[in-house]
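The structure under discussion appears below in the form of C-alpha cells.
Every chain is numbered from 1, with letters handed out A, B, ... down the list of sequences.
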Amino acid sequence: MSDNAESPGNKAGKYDHAEVEPRWQKLWEERATFRAERRPGKKKRYLLDMFPYPSGSGLHVGHPEGYTATDIIARYARMRGEDVLHPMGWDSFGLPAEQYAIQTGTHPSEKTYENIATFRRQLKMLGFSYDWDRELATTDEGYVRWTQWIFLLLFKQGLAYQDEIPVNWCPALGTVLANEEVIDGKSERGGHPVVRAPLRQWMLRITAYADRLAEDLAEVEWPEGTLTMQREWIGRSEGAEIEFAVSGHEGAKFSVFTTRADTLLGVTFVVLAPEHPLVKTITTDAQRAAVEAYVAQAASKSDRDRISQAKTKTGVPTGAFAVHPISGEKVPIWVGDYVIGSYGTGAVMGVPAHDARDFEFARQLGLPIVEVVSPDGKLHDVLEAAYVDDGVAVRSGDLDGLPTPDCSRAMVKKLEGMGRGRGKVTYKLRDWVFSRQRYWGEPIPIYFPVELPEGGDPQKGAKAVIRYDQPIAVEESELPLRLPALADFRPGDDAAGPLARALDWRFFQKDGKWYARETNTMPQWAGSCWYYLRFLDPKNDGAGWSKEAYDAWMPVDLYVGGAEHAVLHLLYSRFWHKVLFDAGHVSHKEPFKKLVHQGMILGEDNEKMSKARGNVVNPDDIVKAHGADCLRLYEMFMGPLEAVKPWQSSQIQGVVRFRDRVFAVCSRATNEPLDAETERLLHRTIKKVSDDIDAMSFNTAISAMMVFTNHLNGLPAVPREAALKLALLVSPFAPHVAEELWHLLHGSPAEPSTLAYEPWPTYDVKLTVDDVIEMAVQVNGKVRGHVRLARAATEEDAKAAALAADGVKAFVEGKAIKKFVYVPGRIVNLVVG
RNA sequence: GCCGACGUGACGCAACCGGCAGACGUGCUCGGCUCAGACCCGAGAGGUGCAGGUUCGAAUCCUGCCGUCGGCACCA
C-alpha cells in the first residue's frame with residue numbers, strides 16, 4: 001500500500017531466536033510456570049503424548065509433531081482458564097540399551113539415563129510446556145515398584161498364569177516375542193527369524209476381557225480406522241460348535257467351529273488341522289505314511305510359506321470317516337493345513353458350496369459339492385464358485401425354505417436338543433505372552449519352592465528342582481524387586497534368560513527353605529500400560545496414584561501418538577485399565593477419551609526417514625538455524641496433523657518469514673486506535689484461530705494468522721491492541737517470540753511476566769460476518785458477473801441486482817428466465833434458455 | 001484378495017452443509033529498494049487422476065476404473 005519512511009530496514013532490531021528462546025525457557029523453568037495444579041471449580045484438561053523410547057540417536061522431527069499439537073492445546077487451554085495436566089516421561093526399558101550393554105559390558109541403565117538426558121535437553125529446547133516435576137521413566141525403581149504391584153494384582157486375580165506353550169522364539173534376540181511382535185515370521189525389531197518352540201511362559205488372560213475390550217470401544221472418540229483395527233484384532237465371531245463322531249472308533253469325536261450352522265447339510269467332508277490331536281489316532285494304516293509325511297511337511301512350513309501358498313489348498317485323507325450329526329451319513333476326514341490349529345477347535349466342516357476355501361479344497365481334491373443355500377429358492381446342481389451370501393435353505397429337510405439367519409438359529413437349537421452342538425463365541429485374540437528372557441525389563445515378582453535332591457547350596461551350583469507349579473507372589477512390602485548386578489548381559493541360550501546366571505539373586509532362603517526367583521522379565525509394553533496413571537501422582541510412595549489425584553485429572557482427554565500403536569499398546573493398556581477398574585483402583589472404564597494419530601513425516605525424498613536412506617532431519621539443526629518457534633510452526637503448517645507428509649526444507653523459509661514479520665509488525669505498534677477494517681479482520685482471526693485449535697486444524701490456524709499479520713504489515717501504523725492480540729494468538733504455536741513481544745509491548749519491565757496465563761482473546765460474532773457481501777452471479781451455472789448485496793437481501797432485490805450486473809445482461813438478453821436460484825450469502829444463478 | 005484413507009498448480013496444501021477453485025506458504029517471473037547481491041516491499045502467471053451419473057450448479061454426492069498410502073491376510 002504505502003511505503004513510509006520508517007518501514008523495515010531501520011526497525012528496532014532483528015529478532016535473535018538464539019538469544020530469546022533460551023531466555024524464556026529459563027524463566028519458565030525457574031518459575032515452574034507450567035506446574036499442573038487443580039483449582040476448585042475449574043475445568044480440567046489432561047493432554048497426553050505417547051512417551052518416547054529414548055533411543056541413542058536422539059529426537060527426530062517426527063517426535064515434535066504430536067508434541068507440538070498437544071502443546072498448542074495445552075497453552076491455549078491454560079489461557080482459557082483451564083487446569084492443564086501435560087506431562088512427559090520415558091519408556092526406557094528396551095532392547096537397544098541391553099544390546100549396547102552386551103557389547104560394551106556397561107550396565108544398560110547407564111546408556112538409558114544418558115539417552116534420557118539427551119531427549120530431555122532436546123524437548124526443553126523446543127519450549128514445550130510440560131510439567132517437568134512429573135517426569136518419570138519406566139526404569140525408575142519408584143516406577144518399577146508399581147508396575148510389579150499391578151502384575152501381582154493380575155496374578156492374584158488369576159489373570160497371570162504360566163503355561164507351556166509354543167511361542168515365538170527368536171534365537172537371534174534370545175527371547176520370545178508376542179504374536180504382535182512377529183511379522184511374516186520375522187521379529188518386528190530387527191527382522192530376525194522366529195521359530196515356534198514350546199516354553200514355559202507367563203501369560204496374561206486378556207481373552208477374559210475380549211468382549212469388554214470390543215464393546216467399550218463404543219465409548220471413546222477414536223479414529224474410525226483404529227477402532228476397526230482393534231475390533232478385528234479381537235475378532236469376535238459368533239457361531240456354533242458342532243460335534244462329529246468318528247465312525248468305527250468308539251467314543252472318538254471332535255468338534256468343529258462354524259459361523260454357518262445353517263449349511264450343515266452341505267457338509268461333504270471335514271478337515272482337521274495337521275496338529276489336531278485326533279489325527280494320530282484315527283488315521284488308517286493305509287493312509288498313515290501319507291498323513292505323517294503331510295503333517296511333518298506342514299510343521300516345517302514357515303508362516304510365510306503358508307500364506308504365500310494360500311491359494312493352493314492341499315490335504316490328505318486320513319482314511320477315517322466322520323458321522324454327520326444330522327444325516328448320519330459318513331463323510332471323509334481329511335488333514336489340511338488351511339485349517340489353523342490354534343483357532344476355534346482346529347477342525348472345520350467342509351461345505352464347499354458355501355465357503356470359498358472349502359470350495360477350493362473340494363475342487364482341487366475332487367470332493368463333491370452340494371448346494372444347501374439357494375439365492376432364489378431353486379436348486380442348482382453346478383456351482384461356478386461358492387455361494388457365500390445369505391439365501392434360503394434347500395436340501396436341508398425340515399429347515400428348507402428358511403432364510404439363512406433363521407436357519408442358523410434353528411440348526412443350533414436342533415443340535416442343542418440332540419446334544420451334538422451349541423452356540424459358541426470365539427475370538428482371534430489370544431492370551432498375551434508376557435515373559436521375556438532378557439535382563440533389561442521389570443523382574444516378575446514371583447518365586448518358587450526349590451527341591452534339592454542332592455542337598456547343598458543352589459547359590460553355589462547345587463542341583464535344584466524348581467517347582468514352577470507352585471508360584472508365590474513377592475510381598476508387596478518387598479517391592480520393588482530389583483534387578484541383580486550382572487557382568488554379562490547376554491541372553492541365555494536355554495530360554496531361562498540372563499537372570500538365571502545370577503545365582504545369588506535367583507536363589508534365596510526363607511524360614512530355612514530354599515526358593516528360586518522367576519528369571520523372566522516383563523516385556524517393554526508393561527511400563528507403557530499404565531504411565532498415564534503415574535503422571536497423576538508421580539511421587540507417591542504409598543500407592544501408584546491416589547484417589548484424589550485420579551479424580552482430579554482422569555480420564556485422559558486427548559491422547560496423541562503414532563498409528564503404529566493402534567493395536568498393541570492401546571489394547572494392552574486398555575486391558576490393564578479394566579483390570580484396575582474391576583479391582584476398584586480406577587473409576588472409568590476407558591482411560592483415553594479422545595485419540596489422535598499424527599501422520600508420519602517423511603524425508604525430502606518422500607520415503608520414510610531412516611539412517612540407511614540418509615534422509616533424516618535432525619531437530620537440533622533446525623532449531624539452531626531457525627529457532628524452536630519455527631520448527632513448531634513449520635511442523636504444524638505442513639498440513640493436517642493426521643496426514644503423512646514429506647519434510648521440505650525450503651518450506652521452512654515461509655514460517656521463518658512469518659515469525660520475523662510478526663515480530664517486526666508488533667515491534668512497531670503505536671497507540672493508533674483500531675480502524676474498522678482491522679478490527680473486523682482481528683475478530684475474524686480470533687474466531688478462526690480459536691475454532692481451528694479446537695478442531696486441531698493447526699495449519700489453517702497459522703494461515704489465518706499469516707493473513708492478519710500481512711494485513712498489519714501493510715498498515716502505515718500498527719495499532720497496539722492488534723499487536724497485543726496477535727502476540728496472544730501466536731503464543732500457543734510460537735511461545736518464545738510471543739513472550740518476547742508481550743514483554744516489549746509492556747515496556748520491557750525489569751521483572752518480566754509471562755503471557756502463559758493471560759486470557760485468550762475473545763471476539764464479537766457480529767464483527768466476524770459482513771453485512772454486505774460480494775456475490776457471484778451465474779448464468780446457467782457459469783459465473784458471469786458479481787453483485788454487492790446485503791447479507792439479508794430479499795430474492796426480489798437479488799434478482800434485480802443480478803440482472804443489472806455487468807456481464808450478466810449479455811447472457812440473459814432475449815432469453816426466457818426458466819429458473820432463478822438464490823442462496824442468500826452464497827450464490828445467484830439464472831437459468832435461461 | 002479384503003478393509004480403510006487419499007488423489008487439487010512445479011511443490012506443501014485451503015475450500016463450512018454441493019454455491020466465485022487455490023486461501024496460506026515454497027518456488028518461478030516482473031517491478032521497487034540497493035553500487036550490486038542477500039534481506040525486505042509490491043505485482044503476476046499457474047489446476048480438481050480418468051470415464052460416466054445426479055443437480056440450476058460437483059473438488060465436494062453416486063457408479064466404475066486407474067494410482068498412492070496404511071492395515072489385515074486361509075479366523076471357518
Side-chain angles (χ1 to χ4, degrees), chain A residues 1-3 7-9 11 14 184 223-226 228-229 232-233 235-237 239 256-260 263 271 303 306-307 309-313 336-340 342-351 354-358 360-361 388 426-429 563-564 566-567 597 599-600 602 606 633-634 637-640 642-655 657-658 660-661 664 691 697 699-707 709-710 713-714 774-786 818-823 825-833:
Chain A
M1 235 200 240
S2 70
D3 253 33
S7 59
K11 65 188 177 220
K14 206 166 168 285
D184 291 340
E224 204 47 55
T226 303
T228 306
M229 277 160 67
E232 285 177 354
W233 192 263
R236 187 191 148 93
S237 175
V256 298
F257 175 73
T258 180
T259 54
R260 290 294 301 274
T263 62
V271 188
D303 287 355
R306 279 177 73 151
I307 290 163
Q309 291 163 15
K311 279 178 201 122
T312 338
K313 299 278 181 290
D337 72 354
Y338 81 97
V339 178
I340 300 168
S342 54
Y343 182 74
T345 59
V348 302
M349 59 186 210
V351 186
H354 306 293
D355 181 278
R357 297 151 300 187
D358 297 344
E360 204 58 37
F361 189 76
V388 298
T426 59
Y427 302 89
K428 278 198 250 184
L429 184 70
E564 67 273 21
V567 178
H597 299 303
M600 206 193 316
L602 305 174
N606 248 297
L633 282 167
Y634 173 61
F637 190 62
M638 288 172 80
E642 297 92 331
V644 177
K645 44 216 177 268
W647 182 273
Q648 295 191 132
S649 294
S650 61
Q651 293 274 338
I652 297 171
Q653 214 42 244
V655 294
R657 281 185 195 134
F658 170 63
D660 289 343
R661 199 173 289 174
D691 292 351
S697 179
N699 53 332
T700 52
I702 293 169
S703 168
M705 292 187 285
M706 285 173 167
V707 171
T709 307
N710 290 347
N713 197 36
E774 179 157 293
M775 250 193 321
V777 179
Q778 296 180 334
V779 180
N780 290 343
K782 288 197 172 59
V783 178
R784 299 301 185 187
H786 292 85
K818 290 202 290 197
K819 191 164 178 180
F820 177 73
V821 180
Y822 170 56
V823 182
R826 296 211 186 278
I827 201 84
V828 178
N829 191 6
L830 298 157
V831 185
V832 301

Q | Results of salt bridge (Lys or Arg N to Asp or Glu O under 4.0 Å) for Asp355(A) - residues two or more places apart only | A | Arg357(A)
Q.
Looking at rC40(B), I'd like to know if its phosphate oxygens (OP1 or OP2) sit under 4.0 Å from a side-chain N or O belonging to Arg661(A).
A. no
**Q.** Closest-nucleotide ordering on RNA chain B, the 5'-leading residue of Val707(A) and Met229(A)
**A.** Val707(A)
Output a table of nitrogen or oxygen pairs between the protein and nucleotides 4-6 of chain B separated by less than 3.5 Å.
none

Q | N/O donor-acceptor pair under 3.5 Å between Arg661(A) side chain and Met706(A) backbone | A | no
Q) With side chains defined as the heavy atoms from C-beta onward, is the minimum distance between Leu830(A) and Phe820(A) less than 4.5 Å? A) yes
Q. Does a side-chain N or O from Asn699(A) land closer than 4.0 Å to OP1 or OP2 of rC24(B), or not?
A. no
Q.
Using only atom types and a distance under 3.5 Å, with no angle test, would you say the side chain of Thr228(A) pairs donor to acceptor with the backbone of Glu224(A)?
A. yes
Q) From the list rC56(B), rA23(B), rA14(B), which nucleotide is the closest neighbour of the side chain of Val831(A)? A) rC56(B)
Q) Nearest to the side chain of Pro646(A), which nucleotide is it out of rG12(B), rG19(B), rA76(B)? A) rG12(B)
Q: Answer yes or no: side-chain N or O of Lys313(A) and base N or O of rC74(B) forming a donor-acceptor pair under 3.5 Å.
A: yes
Q) Quick one: NE2 on His597(A) to CD on Glu564(A), what's the gap to the nearest 0.5 Å? A) 8.5 Å
Q.
If the cut-off is 4.0 Å, is Ser237(A) near the phosphate of rA76(B), judged by side-chain N/O to OP1 or OP2?
A. yes
Q. When rounded to the nearest Å, what value does the distance between P atoms of rA14(B) and rG9(B) take?
A. 13 Å
Q: In whole angstrom, give me the gap between the C1' atoms of rU60(B) and rU54(B).
A: 13 Å
Q | Arg657(A) side, atom CZ; Asn710(A) side, atom CG - distance, nearest 0.5 Å | A | 11.5 Å
Q.
For a stem of at least 3 consecutive Watson-Crick or G-U pairs with distances under 3.5 Å, i pairing with j, i+1 with j-1 and so on, which stems involve RNA chain B?
A. B:1-7 with B:66-72, B:10-12 with B:24-26, B:28-32 with B:40-44, B:49-53 with B:61-65
Q.
Using the side-chain heavy atoms of Val339(A), tell me which of these nucleotides is nearest: rA76(B), rC41(B), rC72(B).
A. rA76(B)
**Q.** Rounded distance (Å) that lies between atom P of rA23(B) and atom CZ of Phe637(A)
**A.** 11 Å
Q. Does a side-chain N or O from Tyr338(A) land closer than 4.0 Å to OP1 or OP2 of rA76(B), or not?
A. no
Q. Quick check: does any side chain N or O of Lys819(A) sit under 3.5 Å from a backbone N or O of Asn829(A), one acting as donor and the other as acceptor?
A. no
Q.
Please report the distance separating the P of rA59(B) from the corresponding atom of rG53(B), rounded so that it comes out in whole Å.
A. 15 Å
Q. Looking at the side chain of Tyr343(A), which of rC16(B), rA76(B), rA23(B) is the nearest nucleotide?
A. rA76(B)
Q) How far does the C1' atom of rU29(B) sit from the matching atom of rG67(B), given to the nearest Å? A) 33 Å
**Q.** rC24(B) OP1/OP2 closer than 4.0 Å to side-chain N/O of Asn710(A)
**A.** no
Q | Nearest-Å distance for atom pair CG/C1', residues Asn606(A) and rG7(B) | A | 14 Å
Q: For nucleotides rC72(B) and rG25(B), find the distance between their P atoms and express it as a whole number of Å.
A: 40 Å
Collect all protein-nucleotide pairs involving nucleotides 53-55 of chain B in which both atoms are nitrogen or oxygen and the distance is under 3.5 Å.
none

Q: Determine the interatomic distance between C1' on rG70(B) and the same-named atom on rG52(B); round to the nearest Å.
A: 29 Å
Q | Shortest side-chain distance from Thr700(A), nucleotide among rC74(B), rC20(B), rA14(B) | A | rA14(B)
Q: With sequence neighbours excluded, tell me which residues meet ring-ring contact (aromatic ring centres under 6.0 Å, His included) with Tyr634(A).
A: Trp647(A)
Q: Write down the distance separating the C1' atoms in rG46(B) and rG12(B), rounded off to the nearest Å.
A: 16 Å
Q: Mind calculating the distance between CD (Glu232(A)) and C1' (rG70(B)) to the nearest angstrom?
A: 13 Å
Q. Distance under 6.0 Å and angle within 45° of the ring axis: does Lys313(A) meet both against Tyr338(A)?
A. yes
**Q.** Straight-line distance of Thr258(A) OG1 to His354(A) NE2, nearest 0.5 Å
**A.** 11.5 Å
Sub-3.5 Å pairs of nitrogen or oxygen atoms, protein against nucleotides 26-31 of chain B:
{"unit_1": "rU26(B)", "atom_1": "OP1", "unit_2": "Arg657(A)", "atom_2": "NH1", "d": "2.2"}
{"unit_1": "rU26(B)", "atom_1": "O2'", "unit_2": "Ser650(A)", "atom_2": "OG", "d": "3.2"}
{"unit_1": "rG27(B)", "atom_1": "OP2", "unit_2": "Arg657(A)", "atom_2": "NH1", "d": "3.4"}

Q) If you round to the nearest 0.5 Å, how far is CZ of Phe637(A) from CD1 of Ile702(A)? A) 7.0 Å
**Q.** Lys645(A), nearest nucleotide to its side chain (from rG57(B), rG12(B), rC41(B))
**A.** rG12(B)
(Q) Rounding to an integer number of Å, can you tell me how far Gln778(A) CD sits from rC56(B) P? (A) 13 Å
(Q) In whole Å, I'd like the distance from the CD1 atom of Ile827(A) to the P atom of rG57(B). (A) 13 Å
Q.
Can you identify which nucleotide, out of rG12(B), rG57(B), rC74(B), has its nearest atom closest to the Asp337(A) side chain?
A. rC74(B)
Q | Euclidean distance for C1', rC56(B) against rC20(B) (whole angstrom) | A | 15 Å
Q: Nearest 0.5 Å please: distance from the CE atom of Met705(A) over to the OG1 atom of Thr700(A).
A: 9.5 Å
